[in-house]
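Beneath this line is the structure, given in structure tokens, with notes to follow.
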Amino acid sequence: MSRFWSKVVGTLTPYVPGEQPKIANLIKLNTNENPYPPSPRVLEAIQDELGADAARLRLYPDPNADLLKGTIARTYGLTADKVFVGNGSDEVLAHVFMALLKHERRVLFPDITYSFYPVYCGLYDVDYRTVPLADDFTINPADYAQPNGGIIFPNPNAPTGCLLAADAIEQMLKANPDSVVVVDEAYVDFGGKSAISLVDRYDNLLVVHTLSKSRSLAGLRVGFAVGDPALIEALERVKNSFNSYPLDRLAIVGAVAALEDSGHFEQSRQAIIASRDTLTAALTQLGFEVLPSAANFIFARHPQYDAAQLAQALREKNIIVRHFKLPRIDQFLRITVGTDAECTALIAALRNILR
Ligand SMILES: *Cc1c(COP(=O)(O)O)cnc(C)c1O
């Protein structure tokens, strides 16, 4: 506290991102980054942008990032007026809470979910209510059949990795014609079917994506949202009252190149899906209970070993995973699917610890 703080600052509970330790030779399985590099075309595009005219960085980027919006529209078979882009999907989500989820009625999201949602509610003074996941940690659409000012959840959910089927999402859209249903598809490329295909039929659907996970570009900070033009206009109005140039020149060309390299994308996501299945089988063999994952991470608990202690024991072997000290999930570890070599090292370390 300081006398210089505005009133709201003292009330905030900021999000705590997974740590980015500065330790060499670390096996880093704690923040769901992609273990594979981005498409080489991304690096070329960024180098071209820098090289074509060395002084180009003196100029502001396109405030509308039309090149990127056009590429996203083409990739998903949409018109560009259904696309919004931002500096990471975290920024897109912040604008979503401000523009589309702040109403008299409370916004609904699962009790176990992306922990940034309640943080945005705190920042923007949005009333919310959490809806408990079922005992098997899945989302039950019927639980959302209650008055609300909007609904938001990741699909697959984080940190559980569990997928909600497309017809369940459609059921929620139909049951809530007067509120926006936001599907945060940060991990959908690792095993789900995107709800983007429903955007043309439901004016209350907004789908949020990131290039951080399946496109290996967490460091570039690019996210986007897809929905009815009226929803996009709301986001643009907030964005243009906040930062006219959220995407820099390098991010725009890099993101375009990543989206255009569908071969690289397919290869890296298939590799991760295959490693996830191998890792799940190996953990199960060690006695872990692993929730069915459609993401690039798995959520697992061991009936005989305390999760916090396991995380600490792994850390001593230079492997970091994520542990949440939260109700219902404090006996789980969230483990990012790494390369096969990293998964093998993790299993060897666990075998050693459990012995
Ligand atoms: C990683 C993640 C994001 C944020 O992605 P950025 O684009 O890197 O900001 C959003 N939602 C969920 C559920 C995530 O796990």
Side-chain angles (χ1 to χ4, degrees), residues 14-20 28-35 38 42 65 68 72 83-97 101 107 109-121 123 130 133 137 139 151-164 169 181-192 194-196 206-226 235 239 242-243 246-248 251-252 254-255 258-259 269 272 276 291 293-299 321-322 324 326 329 332 334-337:
Y15 177 73
V16 184
E19 55 175 328
Q20 299 290 346
K28 191 173 175 305
L29 306 176
N30 69 326
T31 52
N32 299 342
E33 286 139 328
N34 196 309
V42 171
L68 177 56
I72 293 165
V83 180
F84 177 79
V85 296
N87 186 232
S89 64
D90 283 341
E91 185 186 79
V92 174
L93 290 166
H95 294 338
V96 167
F97 275 86
L101 300 177
V107 59
F109 48 79
D111 62 338
I112 297 163
T113 196
Y114 189 34
S115 48
F116 224 136
Y117 301 157
V119 175
Y120 294 129
C121 290
L123 178 62
T130 59
L133 294 180
F137 296 98
I139 290 173
I151 296 171
I152 181 166
F153 55 90
N155 196 39
N157 194 11
T160 62
C162 297
L163 186 73
L164 185 63
I169 290 173
V181 177
V182 182
V183 186
D184 178 353
E185 293 191 334
Y187 302 104
V188 79
D189 294 326
F190 299 109
S194 176
I196 289 180
L206 190 81
V207 183
V208 179
H209 272 221
T210 176
L211 274 68
S212 296
K213 282 51 183 254
S214 60
R215 307 272 176 179
S216 305
L217 287 174
L220 204 61
R221 312 304 305 130
V222 182
F224 61 91
V226 168
L235 296 173
K239 171 249 176 191
F242 179 82
N243 179 2
L247 289 188
D248 65 58
I252 291 171
L259 288 160
R269 82 189 179 107
I272 289 166
R276 177 184 69 211
L291 298 191
S293 171
N296 69 334
F297 59 85
I298 56 105
F299 205 48
V321 300
R322 193 91 192 256
F324 298 93
L326 292 172
I329 57 168
F332 280 88
R334 193 197 66 189
I335 306 170
T336 305
V337 178

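Read the numbers this way: they start at 1 and go in the same order the structure lists the ligands and their atoms. Remember, it's a predicted structure, so these values are computed and weren't measured experimentally.
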- Note on the structure: Residue set satisfying ring-ring contact (aromatic ring centres under 6.0 Å, His included) with Tyr15, at least two apart, ordered chain then number -> Tyr114, Phe116

- Identify, with sequence neighbours excluded, every residue that meets side chain to side chain donor-acceptor pair (under 3.5 Å) alongside Asn32. Tyr187, Thr336

- At a 4.0 angstrom heavy-atom cut-off, ligand 1 is contacted by Gly88, Ser89, Asp90, Leu93, Tyr114, Pro154, Asp184, Ala186, Tyr187, Thr210, Ser212, Lys213, Arg221

- Item | CA sep, side-chain torsions, deciding dist, call: Ser216, Asn34, side-chain hydrogen bond (donor to acceptor under 3.5 Å, both in side chains) | CA-CA 5 Å; Ser216 305; Asn34 196 309; 3.2 Å; yes

- Message: Please find the pair of heavy atoms, one from Ala195 and one from Glu185, that lie closest to each other, and give the distance.
- Response: N-OE2, 2.7 Å

- Considering residues at least two apart in sequence or located in another chain, which fulfil the side chain to side chain donor-acceptor pair (under 3.5 Å) criterion with Ser293? none

- Would you call the rings of Phe137 and Phe332 parallel, tilted or perpendicular, where under 30° means parallel and over 60° means perpendicular? perpendicular

